[in-house]
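Beneath this line is the structure, given in structure tokens, with notes to follow.
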Amino acid sequence: MSELWSTILEVASWTIIIYMLSANLIYLGMFLMAGPKIKREKKLNRLEQIEEMMVNKDTYPVSVLVPAYNEEAGVASTVQSLLSLHYPQFEIIVVNDGSTDATSEKLLEPFQMEPIELATRSYFKTGKLVKAYQSKLHPNLFLLEKENGGKADALNAGINFSHYPYFAAIDGDSVLEQDALLKTIKPIIDSGGRVTATGGTVRIANGCKIGSDGAIKQVKLPKRPLEIMQIIEYFRSFLIGRLGFSRINILLIISGAFGVFEKSRVIKVGGYNPATVGEDMELIVRIHRSIKEEKSDQRIEYIQDPVCWTEAPSTIQSLRAQRIRWQRGLAETIWMHRKMLFNPKYKGIGMFSMPYFLFIELLSAVFEILGYAVIISGFLFSLVDTEIVVVMLLVMILYGSLLSSLAVLLEEWTYHKYPESKSIVVLFCYALTETFWYRIVMNFWRVQGLVGAVTKKSVWGNMERQGVFSKEEGT
């Protein structure tokens, strides 16, 4: 019996090792695909390109939608930063989704909001709209108050109210760089409308110095290890993952923190889905599905420029709730669109991108936790050969820490957003530790999210806002 058990463990061990090596090769492949574009973009004069767009008659007007639920800590600074955007024509629509705090009050008096008549289109059925306001100081700023229905419902209400052919969706705790809209709309204009949605790189603002106008004055690292690790995680996700997928038009995620969309395409596919907690990814998958079924040549693109800064969870409780929610949203999206999996009708989306998100993003936590069990069994109980345990440990370090370290170096090579050399050294050292603590915790939470998706059991918890966007000094 012990021999049979030993054989089972050995087979399981090699399965996990092969899985992780394969995942590493996929990441390396995406990095190689992203590299040439990053190198090419470094040589371009981006400032000269976007300055021309300020006076270009083909620069489409954009509606900026800001769904807000209990965002009193940062919503005013977010709006202030949006008002300072360099863009020829845009409107800002804040949708207060039944907040129980002073979200509306933070906007009404400072921006001199006055009640206006509610006149919206009915592209989507949403929760009841209660009031609408327009700023006396800034006529392009609007505030909608509605009954609580969730982020997807709030975005749909914003689309119903919006006046322009393109809209940008931004989180209520995010700050855009002043040229963010210009950078993000550029692929749409350059393609003559062939690009139907775009998203840019999101960076974490915790620790940064924020001006009274909501603009980033100084980029600095936060002090909490939990926040530093999330910065590294974002580097890896955006610079290695999304750019590689975008190059071959199989990108399945545009961050909910900031993305630009062609309104007619979103209306055609039915808007945001309130039935899932991963509404941002689910919408992108549905858009891809619509494009492929129509045999359209439209595409979805990601630009690598950092255009958006957002507040990351700073406590274990809020980070846990966020990651469980993300994992559940991923599982729900894959299940809703499971007919696309391995379906050649959907080309790269069905044959590579969807399987990648199933086996690498969704199930990798399960494989890694099984790997932890094998390593413990080998070291403590000698149930697995020491050689196999050592190989597995090395592969797990490669899969986690070394790839994250590469992402840190890639960020330094490309955008150099952290001017202090000390910051890069700190990030690099933290990246090397990822496998030994941060990734372990993340994997257990991701498994919880997967279980929650299967059992339909919600694990919620509101993110505790520290008001990072309302301070002149870094946190």
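Position 1 is the first residue of the sequence; numbering continues from there. Only this structure's heavy atoms are used, side chains among them; waters, hydrogens and symmetry mates stay out.
In this structure, the side chains of R320 and V441 stay at 4.5 Å or more apart for every pair of heavy atoms.
Using a 3.5 Å distance cut-off with no hydrogens or angles, the side chains of T276 and N273 do not pair a donor with an acceptor.
Counting non-hydrogen atoms of neighbouring residues, nucleotides and ligands closer than 6.0 angstrom, the CG atom of L118 exceeds 12 such neighbours. Residue E294 qualifies as enclosed at atom CD: its count of foreign heavy atoms under 6.0 Å is above 12. By the 6.0 Å contact criterion, NZ on K347 is open, its count of non-hydrogen atoms from other residues, nucleotides or ligands being 12 or less. Around CH2 of W335, the count of heavy atoms belonging to other residues, nucleotides or ligands within 6.0 Å does not exceed 12.
With respect to the salt-bridge test (charged N to carboxylate O, under 4.0 angstrom), the residues E293 and K339 do not qualify.
Q134 CD to Q112 CD: the interatomic distance, rounded to the nearest 0.5 Å, is 12.5 Å. The OH atom of Y87 sits 12.5 Å away from the CG atom of D179 when rounded to the nearest 0.5 Å.
Here the shortest heavy-atom pairing between Q298 and G193 reads NE2-O, 3.1 Å.
Applying side-chain contact (heavy atoms from CB on, under 4.5 Å) to L252 and the options E361, R242, M281, E282 leaves one that passes, M281.
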Show me the side-chain donor-acceptor pairs of residues 121-131 shorter than 3.5 Å, one per line, residues at least two apart or across chains.
residue	atom	partner	partner atom	Å
R121	NH1	N160	O	3.4
R121	NH1	S162	O	3.1

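Remark: R236 qualifies as a cation-pi partner of Y27 under the 6.0 Å distance and 45° angle criteria applied to the six-membered ring.
F261 and Y272 have perpendicular rings, their planes meeting at more than 60° on a 0 to 90° scale where under 30° would count as parallel.
Identified under the salt bridge (charged side-chain N to carboxylate O under 4.0 Å, His left out) test for residues 138-155, with sequence neighbours left out: D97-K146, K146-D153, K151-D171, K151-E279.
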